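Have a look at the structure below, then the notes.
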There are 2 protein chains.
Amino acid sequence: MSTRDQFIATAQRLFAAKGFYGVSIAAIAQQMGLTKQALLHHFGSKEKLYGEVLQRISGELMACTDEIIASRVDPLERLTELVLAQYRLQMADQDAARLIMRELLDNEPRAGAAANWYLKPYLETLVDTLLSINSARERSRGQALAAIYQFLGAAHYFAVSQPTLGRMFGDALYNEARQHYEEELRQMIESRLTIAAR
Amino acid sequence: MSTRDQFIATAQRLFAAKGFYGVSIAAIAQQMGLTKQALLHHFGSKEKLYGEVLQRISGELMACTDEIIASRVDPLERLTELVLAQYRLQMADQDAARLIMRELLDNEPRAGAAANWYLKPYLETLVDTLLSINSARERSRGQALAAIYQFLGAAHYFAVSQPTLGRMFGDALYNEARQHYEEELRQMIESRLTIAAR
DNA sequence: GTCTGCACTTACCAAGTGGTAAGTGTCCGC
DNA sequence: GCGGACACTTACCACTTGGTAAGTGCAGAC
């Protein structure tokens with residue numbers, strides 16, 4: 001793993017834990033036994049490093065999304081898999097999930113606002129897919145977005161809560177909830193879209 | 001409104017927008033045309049101010065929660081109202097919602113970790129209420145927590161997304177989704193708990 | 001050998017950080 | 001009029017911030 005990639009990985013971990021302003025470039029470099037000027041040598045500025053972290057994350061999500069879109073044609077199945085895949089990715093890399101959540105919270109545009117150019121097409125895809133599921137029932141884009149947001153919110157929120165829940169109730173209960181969660185999500189999506197089709 | 005309360009309100013707004021580390025006490029004071037020492041005079045330290053902001057927020061949520069627990073006995077109705085009330089509060093004060101979300105993300109304990117002593121009893125109440133809805137079906141605490149988290153995640157996530165969604169798609173679409181969202185939440189809870197009762 | 005590019009260092013900077021100390025003015029009870 | 005509590009100020013502190021400048025050491029090319 002190149003020094004550069006190591007920087008990105010370390011930065012992702014720290015940014016996820018304490019946020020952009022909560023981490024100094026010196027702290028990131030120190031974690032790797034280097035000086036902050038080594039970091040600046042590779043990335044030029046703190047913002048650019050942050051941008052690269054976001055870019056790597058959104059790249060992974062987009063790749064995963066594209067694959068599902070290519071392989072699943074049935075809209076209900078596609079929508080379900082898109083949400084579940086996103087959930088699995090976030091559970092597998094919870095630092096990434098936290099970072100994206102932080103990006104969602106920060107209303108100021110920063111470092112190219114990387115969350116946008118991945119999140120927007122992703123959301124558009126989800127909304128379009130949902131709208132194509134049952135053309136019979138009239139459904140506005142706003143209503144579709146509301147439904148999508150339930151799914152994503154339920155998934156993302158849970159993926160991000162491990163530290164807090166672990167601290168509150170112990171990791172055992174979180175892990176127990178985790179065992180059920182994916183299935184719960186699947187049922188939630190199914191029941192929502194099935195009821196909607198009535 | 002006292003200077004002190006103004007400080008808390010201003011701090012809440014700024015902390016919500018940029019996080020604890022992203023805002024300096026000088027910036028907060030400057031917004032009110034005062035010096036940072038005026039702020040320190042009232043609160044002693046940045047952490048204490050932050051703590052007071054969290055305390056005010058959690059106080060409101062707890063008051064609202066207690067009232068519902070006192071007035072609703074039917075568990076399904078109580079659970080639904082608890083989640084919806086939380087959602088309404090968060091939509092009414094989106095800065096507060098963002099702050100709590102940030103608190104959820106920060107795994108380090110800080111400023112008394114105010115989110116804990118409000119969030120934990122709140123979650124416990126929700127889990128207990130859910131478990132009492134249908135004692136016939138065996139259900140573990142972890143499973144109950146998973147269900148609860150779907151509801152809260154869907155609500156909280158949406159409440160926090162206005163800036164991002166507004167930037168992405170324009171406020172019109174967000175407002176349209178918003179019109180439907182509370183009803184969507186209600187249906188989601190109902191269908192989840194109704195199916196569970198089968 | 002010497003030159004070049006690369007990864008990385010030490011040294012330094014202006015600006016900003018949270019916080020302390022010591023006032024300054026103003027209102028209020030007496 | 002006076003003493004003290006209160007709200008707030010200026011002045012200052014040690015420290016950290018992101019970033020620049022100028023090397024240093026070391027590989028490979030010629």
Side-chain angles (χ1 to χ4, degrees), chain A residues 1-56 99 102-103 105-115, chain B residues 1-56 99 102-103 105-115:
Chain A
M1 198 185 203
S2 71
T3 304
R4 191 188 160 82
D5 289 343
Q6 256 183 289
F7 265 124
I8 295 180
T10 307
Q12 174 177 322
R13 212 180 66 241
L14 294 182
F15 280 144
K18 308 186 76 180
F20 182 79
Y21 301 109
V23 186
S24 67
I25 54 176
I28 298 169
Q30 196 184 5
Q31 281 259 327
M32 295 172 53
L34 296 176
T35 62
K36 64 173 176 169
Q37 285 70 17
L39 188 157
L40 286 172
H41 167 70
H42 285 286
F43 299 95
S45 78
K46 186 185 186 183
E47 296 239 331
K48 281 180 191 156
L49 167 61
Y50 185 76
E52 296 229 21
V53 172
L54 284 186
Q55 196 166 343
R56 199 188 70 162
L99 248 178
R102 285 190 192 279
E103 205 57 18
L105 289 173
D106 294 339
N107 35 16
E108 21 144 21
R110 187 177 52 199
Chain B
M1 199 186 203
S2 73
T3 304
R4 191 188 160 81
D5 289 342
Q6 256 183 288
F7 266 125
I8 294 180
T10 306
Q12 173 177 323
R13 213 181 65 241
L14 294 181
F15 281 142
K18 309 187 74 181
F20 181 78
Y21 301 110
V23 187
S24 67
I25 53 175
I28 298 170
Q30 196 183 7
Q31 281 260 326
M32 295 171 53
L34 295 176
T35 63
K36 64 173 176 169
Q37 285 70 16
L39 189 157
L40 287 172
H41 167 70
H42 285 286
F43 300 95
S45 79
K46 186 185 185 182
E47 295 239 330
K48 280 180 191 157
L49 167 62
Y50 185 76
E52 295 229 21
V53 172
L54 284 186
Q55 196 167 342
R56 200 188 68 161
L99 247 178
R102 285 191 191 279
E103 205 58 17
L105 289 173
D106 295 339
N107 34 16
E108 24 146 18
R110 187 178 51 201

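Below, chain A is the first sequence line, B the second, and so on; all start at residue 1. Just so you know, these numbers come straight off a predicted model, no measurement behind them.
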Would you tabulate the pairs of protein nitrogen or oxygen atoms and nucleotide nitrogen or oxygen atoms of nucleotides 23-26 of chain D closer than 3.5 angstrom?
none

When the distance from [atom1] of [X] to [atom2] of [N] is rounded to whole Å, what number comes out?
| X | N | atom1 | atom2 | result |
| --- | --- | --- | --- | --- |
| Lys46(B) | dT20(C) | NZ | P | 15 Å |
| Glu47(B) | dG19(C) | CD | C1' | 13 Å |
| Tyr21(A) | dG16(C) | OH | P | 14 Å |
| Phe15(B) | dG18(C) | CZ | C1' | 12 Å |
| His41(A) | dC6(C) | NE2 | P | 8 Å |
| Phe20(A) | dT17(D) | CZ | C1' | 12 Å |
| Phe43(B) | dC8(D) | CZ | P | 11 Å |
| Ile28(A) | dC8(C) | CD1 | P | 15 Å |

(request) Indicate yes or no: at least one non-hydrogen side-chain atom of Arg102(B) is less than 4.5 angstrom from one of Phe20(B). (result) no
(request) With the side chain counted from C-beta on, respond yes when Arg4(A) and Phe43(A) share a heavy-atom pair under 4.5 Å apart, and no when they do not. (result) yes
(request) Using a cut-off of strictly less than 4.0 Å, decide whether Thr3(B) has a side-chain nitrogen or oxygen near OP1 or OP2 of dC8(D). (result) yes
(message) When you measure from the side-chain N and O atoms of Ser24(A) to the phosphate of dT17(D), is any distance below 4.0 Å, counting only OP1 and OP2?
(response) yes
Any idea which heavy atoms bring [X] and [Y] closest together, and the distance?
| X | Y | value |
| --- | --- | --- |
| Phe15(B) | Ile28(B) | CZ-CD1, 4.0 Å |
| Ala17(A) | Asp106(B) | O-OD1, 3.7 Å |
| Glu103(A) | Tyr50(A) | OE1-OH, 2.5 Å |
| Met1(A) | Ala9(A) | CE-CB, 4.0 Å |
| Leu39(A) | Ile25(A) | CD1-O, 3.7 Å |

(request) Can you figure out which of dG18(C), dC8(D), dA7(C) approaches the side chain of His42(B) most closely? (result) dC8(D)
(request) Taking only the side-chain heavy atoms of Ala26(B) (C-beta and beyond), determine which of dT17(C), dG18(D), dC8(C) contains the nearest atom. (result) dT17(C)
(request) Nearest 0.5 Å please: distance from the OG1 atom of Thr3(A) over to the NE2 atom of His41(A). (result) 9.5 Å
(request) Give me the residues of residues 30-40 of chain B where at least one heavy atom lies under 4.0 Å from an atom of DNA chain C, by number, or none. (result) Lys36(B), Gln37(B), Leu40(B)
(message) Is it the case that over 12 heavy atoms from other parts of the model lie below 6.0 angstrom from the CD atom of Gln30(A)?
(response) no
